[in-house]
Amino acid sequence: MTITEIKSQGLEGIGFPMYQLINELYPICRSITGNGVRETFRILKKHIPVTTHEVPTGTRVFDWTVPKEWNMRDAYVKNSRGEKVIDFKKNTLHILNYSIPVRKKVSLSELKEHLFTIPEYPEWIPYRTTYYKEQWGFCISHNQLIGLEEDEYEVVIDSSLEDGSLTYGEYCIRGKRTDEILISCHICHPSLCNDNLSGIALAVFLIKHLSSLSLNYSYRFLFIPGTIGSITWLSLHEAHVSKIKHGLVAACLGDSGKFTYKKSRRGDAEIDRVVINALKNSTFDYEVRDFIPYGYDERQYCSPEFNLPVGCLMRSPYGQYPQYHTSSDNLEFIHPRYLAESFSLFLMIFDTLENNKAYVNQNPKCEPQLGKRGLYQMTGGQQDRKRKELAMLWVLNLSDRNNTLLDISERSGLAFPVIREAASLLVKNNLLREFVQ
Ligand code: ZN
């Protein structure tokens with residue numbers, strides 16, 4: 001089975017198990033370290049045997065240090081009547097992520113200094129973190145803030161911030177070549193669906209699918225906490241980095257927005273051209289953006305000394321949809337249909353990378369006579385036949401060692417699968433052979 005043949009086997013169906021996995025992971029309080037991440041991997045291991053690694057607190061990773069491990073057990077704010085007015089158990093976003101332990105009585109005005117809201121969306125709870133500054137806080141809806149009365153409040157944050165480790169996961173699929181395609185997703189956000197969980201679910205189901213195929217490239221999937229995770233991985237695997245020939249950061253892939261591709265720092269890497277080619281030849285609406293040093297882990301993969309060919313593929317891009325980093329990035333915000341579309345786009349990209357080879361025309365002096373080989377005016381729909389013939393002529397004309405099938409697809413404006421199919425037909429008829437450097 002080739003990568004894209006899954007289409008005929010009911011691609012749409014793949015969105016539902018992805019959504020179910022997101023549903024199972026949603027309630028967990030994750031952060032850049034701690035048991036929420038380990039619990040996430042315990043669930044992922046029911047699907048794929050992902051390998052987990054623990055990097056101790058204090059480990060120097062380039063200019064950074066692996067932080068103390070944070071674990072949350074419970075957190076709440078009670079009023080003087082003993083009623084919990086804020087309860088972490090109702091929503092993991094209520095706690096300022098990485099809050100230090102606290103147990104004290106405070107006035108309303110002191111409490112307010114530790115509360116975070118979004119006045120523009122008064123019903124939503126924001127997601128805020130304090131990874132590198134030791135403080136405490138709660139996130140609540142703005143309407144709830146307005147409703148808080150003068151009172152003495154009891155604040156309890158039963159958390160720990162101690163030496164421990166940073167957990168990340170890795171899964172490798174060995175192909176014929178040792179050259180790798182990297183797929184990286186972040187696992188550090190608590191109850192947020194599009195940002196975080198959609199990328200994780202997509203990676204898990206891509207692994208399941210790719211594992212059953214015979215592949216040219218090797219594939220490396222990283223499940224890492226944002227920023228500190230990619231810095232840590234790069235720091236520990238510096239010698240390995242040259243194996244990465246193409247890569248994508250996968251995030252925000254479950255919402256209804258159009259696709260957004262953020263190019264690698266190089267801007268013209270093969271992965272950039274392949275993603276743009278796949279989008280152009282799909283029915284999906286999309287936008288392509290240039291690299292900027294802000295965003296997800298592509299910032300680290302594309303830092304100047306590494307400068308890896310790693311882009312970032314999203315639907316609605318980080319920071320640019322109102323639900324981003326709020327309680328509205330929830331199970332209603334994403335849909336199995338959009339997850340399935342994202343899955344199919346990644347497969348199209350892999351399919352192009354796997355098959356992007358150069359060929360040599362075996363009959364380069366004038367056109368070969370296609371008719372006598374049964375390759376011309378074959379039966380079939382008029383339009384389809386014309387497209388296939390045109391694809392054969394393009395492949396024959398440009399297969400002079402210097403052009404790959406992607407070059408030919410770009411120059412002809414014909415979709416990569418049409419070009420690839422033409423090349424395979426010409427190889428079968430001894431009119432083309434693969435160019436091996
Ligand atoms: Zn985020």
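Numbers here are sequence positions counted from 1. Just follow the structure's listing: the first ligand is 1, and inside any ligand the first atom is 1.
Distances from the Zn ion (ligand 1) to each N, O or S atom of His325 single out NE2 as the nearest. For the Zn ion (ligand 1), the nearest N, O or S atom contributed by Asp195 is named OD2.
A parallel orientation is assigned to the rings of Tyr219 and Phe221, their planes being inclined by less than 30° (bins at 30° and 60°). Between Phe333 and Tyr321, the ring-plane angle classifies as parallel under the 30° and 60° cut-offs. Using bins of under 30°, 30° to 60° and over 60° for the plane-to-plane angle, the ring pair Tyr127/His189 lands in the tilted bin.
The Zn ion (ligand 1) lies under 2.8 Å from an N, O or S atom belonging to His189.
A cation-pi contact links Arg315 to Phe259, judged by a cut-off of 6.0 Å to the six-membered ring centre and 45° from its axis.
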